[in-house]
Amino acid sequence: MEVKSTNQIEEAMDSSYDRKAEIKAFDETKSGVKGLVDSGVKRVPRMFHSGIDITENIGSDSKLSVPVIDLESIHNNPALRIETVTKIRSACQEWGFFQVINHGIPIPVMDDMIDGIRRFHEQDADVRKQFYSRDLKSKILYYSNTSLYKDKFANWRDTVGCSMAPNPPKPEELPAVFGDIITEYSKKVMALGCTIFELLSEALGLKPSYLKELSCAEGLFIQGHYYPPCPQPELTLGTCKHTDTAFITILLQDQLGGLQIHHENQWLNVPPVHGGLVVNIGDVLQLMTNDNFVSVYHRVLANHGGPRVSVASFFSNSHDPAKGISKVYGPIKELLSDDNPPMYRNTSIGEIMAHHFAKGLDGNHALKPFRL
């Protein structure tokens with residue numbers, strides 16, 4: 001629902017407003033939303049105004065919550081592994097999200113990863129600016145809002161990211177404030193991702209190595225998000241409604257909260273679980289499972305408090321448009337039958353990513369163009 005406050009009505013009548021100029025000026029500072037906050041801004045600039053009532057369709061049923069799944073002993077207790085696979089199957093079909101605990105990544109490593117991202121965004125702006133870029137070929141990508149120039153409104157968030165597999169940056173190319181910890185964390189999250197792909201394969205009735213053999217764990221892109229305190233959080237969002245394009249995402253979030261998922265026509269909070277990680281199904285895996293597993297909408301609220309810091313690890317498949325290399329995926333044949341015909345056409349990762357970047361965060365599900 002779009003709400004029209006008095007301010008927004010006045011804005012609509014203001015024909016002198018030049019949105020493109022405001023966005024360009026903001027982008028050229030190369031210091032992001034953090035730069036705005038550091039400058040002492042007391043009001044959210046108009047380019048961030050969402051026009052969305054964030055209080056609408058908020059879930060009130062305390063019994064509805066994203067499943068929390070314990071991975072302890074799944075490698076040496078066959079009965080427990082079967083039980084865990086059943087829980088994961090149910091979570092992927094009904095929720096598209098679940099949290100994992102006892103996953104093998106030590107809490108100190110997770111805390112250090114969060115601290116490393118915080119250090120990057122809170123270092124001197126002149127140091128951060130050296131990494132500011134919208135060139136997707138850059139080894140390190142620091143920016144505010146991926147599709148800033150396309151989206152209807154900007155999100156109250158800055159991001160730093162880099163591809164950590166299959167071709168990670170050289171140690172000297174990584175920012176010093178998080179170089180060591182992102183190298184350590186990426187190895188551990190990659191190992192966890194491989195375990196989760198085994199469990200997902202089994203949840204689909206396939207051999208454990210099935211999804212890994214399709215190169216689902218080949219590529220890893222890590223983004224460190226920073227959500228500065230917002231003076232008027234009701235006017236904007238930290239991240240607007242979207243789905244992820246990857247196979248899966250593993251999210252490490254601090255204890256501030258703010259993540260919400262859309263489930264049964266309502267927005268539900270995904271409260272942080274200490275030592276836990278959030279796992280969600282991405283668009284490509286929904287396509288491959290022929291809608292058996294679902295990639296669902298989620299968003300992050302802006303907040304007076306904070307900053308909020310999160311680290312998203314996207315498992316994808318590498319593609320090189322310059323070389324014309326892009327793996328093609330379609331519904332898994334073993335899952336299809338006369339009663340379950342393919343819902344999607346075979347589609348390359350390059351085509352999916354091109355559509356993702358072209359559409360921006362427009363609120364529409366990214367799989368629509370690929371349905372049969």
Side-chain angles (χ1 to χ4, degrees), residues 30-38 99-133 138-145 155-165 168-193 220-230 238-239 249-259 270-280 300-315:
K30 298 186 177 182
S31 54
V33 177
K34 178 68 163 63
L36 286 178
V37 173
D38 288 346
Q99 299 206 58
V100 291
I101 57 174
N102 295 317
H103 43 65
I105 302 181
I107 289 176
V109 172
M110 296 164 64
D111 290 343
D112 287 352
M113 187 68 245
I114 289 285
D115 289 343
I117 296 302
R118 181 182 288 109
R119 284 194 301 271
F120 176 87
H121 289 283
E122 293 181 354
Q123 66 188 331
D124 188 88
D126 287 336
V127 179
R128 296 200 311 271
K129 286 178 184 179
Q130 298 172 41
F131 296 98
Y132 198 89
S133 175
S138 297
K139 289 280 189 178
I140 309 297
L141 278 170
Y142 163 55
Y143 52 82
S144 186
N145 290 259
N155 291 312
W156 197 259
R157 179 187 81 176
D158 299 329
T159 298
V160 62
C162 55
S163 176
M164 295 302 294
K170 297 174 184 174
E172 62 270 22
E173 293 173 323
L174 289 165
V177 289
F178 66 63
D180 290 344
I181 186 58
I182 198 171
T183 300
E184 181 181 4
Y185 180 77
S186 65
K187 290 175 183 175
K188 293 188 182 301
V189 84
M190 179 66 88
L192 174 60
L220 176 66
F221 192 86
I222 294 182
Q223 288 186 328
H225 299 307
Y226 186 90
Y227 302 83
C230 183
T239 305
T249 305
I250 298 179
L251 179 75
L252 164 62
Q253 55 176 342
D254 65 12
Q255 296 302 301
L256 191 66
L259 175 64
V270 184
V273 173
H274 187 60
L277 291 163
V278 180
V279 181
N280 66 282
V300 177
L301 300 182
N303 198 305
H304 275 298
R308 177 185 188 267
V309 179
S310 67
V311 182
S313 298
F314 299 97
F315 285 80

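Both backbone and side-chain heavy atoms feed into the values below; hydrogens, waters and symmetry mates do not.
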Could you grab the distance from atom [atom1] of [X] to atom [atom2] of [Y], nearest 0.5 Å is fine?
X: Leu251; Y: Asn280; atom1: CG; atom2: CG; result: 7.5 Å
X: Gln123; Y: Lys129; atom1: CD; atom2: NZ; result: 12.5 Å
X: Cys230; Y: Asn303; atom1: SG; atom2: CG; result: 8.5 Å
X: Leu192; Y: Leu277; atom1: CG; atom2: CG; result: 6.5 Å

Say whether, by atom type as modelled, one donor and one acceptor occur between the side chain of [X] and the main chain of [Y] under 3.5 angstrom.
X: Trp156; Y: Pro229; result: yes
X: Ser144; Y: Thr159; result: no
X: Arg308; Y: Asp254; result: no

Can you tell if the side chain of [X] reaches within under 4.5 Å of the side chain of [Y], non-hydrogen atoms only?
X: Lys139; Y: Cys162; answer: no
X: Met164; Y: Pro169; answer: yes
X: Val33; Y: His121; answer: no

Practice item. Return the set of residues passing side-chain contact (heavy atoms from CB on, under 4.5 Å) with His274 (not counting sequence neighbours), or none when no residue passes. Key: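 Partners of His274 under the side-chain contact (heavy atoms from CB on, under 4.5 Å) test: Ile107, Gln255.
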When the side chains of residues 177-190 are checked against the rest of the protein, which donor-acceptor pairs come out under 3.5 Å, sequence neighbours left out?
unit_1, atom_1, unit_2, atom_2, d
Thr183, OG1, Gly179, O, 2.8
Ser186, OG, Ile182, O, 3.0
Ser186, OG, Thr183, O, 2.9

Review point. Residues two or more places apart in sequence or in another chain: which of them pass salt bridge (charged side-chain N to carboxylate O under 4.0 Å, His left out) with Asp124?
Key: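 Salt bridge (charged side-chain N to carboxylate O under 4.0 Å, His left out) list for Asp124, sorted by chain: empty.
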Point to revise | For Tyr132, ring pair (Phe, Tyr, Trp, His ring centres under 6.0 Å) partners two or more places apart | key: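 So Tyr132 forms a ring pair (Phe, Tyr, Trp, His ring centres under 6.0 Å) with Tyr142.
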Practice item. Just jot down the ring pair (Phe, Tyr, Trp, His ring centres under 6.0 Å) partners of Phe131, sequence neighbours excluded, or say none. Key: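 Result, ring pair (Phe, Tyr, Trp, His ring centres under 6.0 Å) vs Phe131: Phe120.
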Review point. Applying the side-chain hydrogen bond (donor to acceptor under 3.5 Å, both in side chains) test to Tyr227, which of Thr239, Asn155, Asp158 qualifies?
Key: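 Of the listed options, the one satisfying the test is Thr239.
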Non-hydrogen atoms of [X] and [Y] that approach each other most closely:
X: Ile140; Y: Pro175; value: CD1-CD, 3.9 Å
X: Lys34; Y: Pro228; value: N-CG, 3.9 Å
X: Ser313; Y: Leu220; value: CB-CD1, 3.8 Å

Point to revise | Steps toward side-chain contact (heavy atoms from CB on, under 4.5 Å) verdict (Gln253, Val278) | key: CA-CA 8 Å; Gln253 55 176 342; Val278 180; 3.8 Å; yes
**Study point:** All pairs passing salt bridge (Lys or Arg N to Asp or Glu O under 4.0 Å) where residues 106-116 contributes a residue, at least two apart
**Key:**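 For residues 106-116, and leaving out neighbouring residues, the salt bridge (Lys or Arg N to Asp or Glu O under 4.0 Å) pairs sorted by first residue read Asp115-Arg118.
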Name all residues meeting the side-chain hydrogen bond (donor to acceptor under 3.5 Å, both in side chains) criterion together with [X]; count only those two or more places apart in sequence or in a different chain, and write none if there are none.
X: Gln99; answer: none
X: Glu122; answer: Tyr226
X: Lys30; answer: none
X: Thr249; answer: Asp244

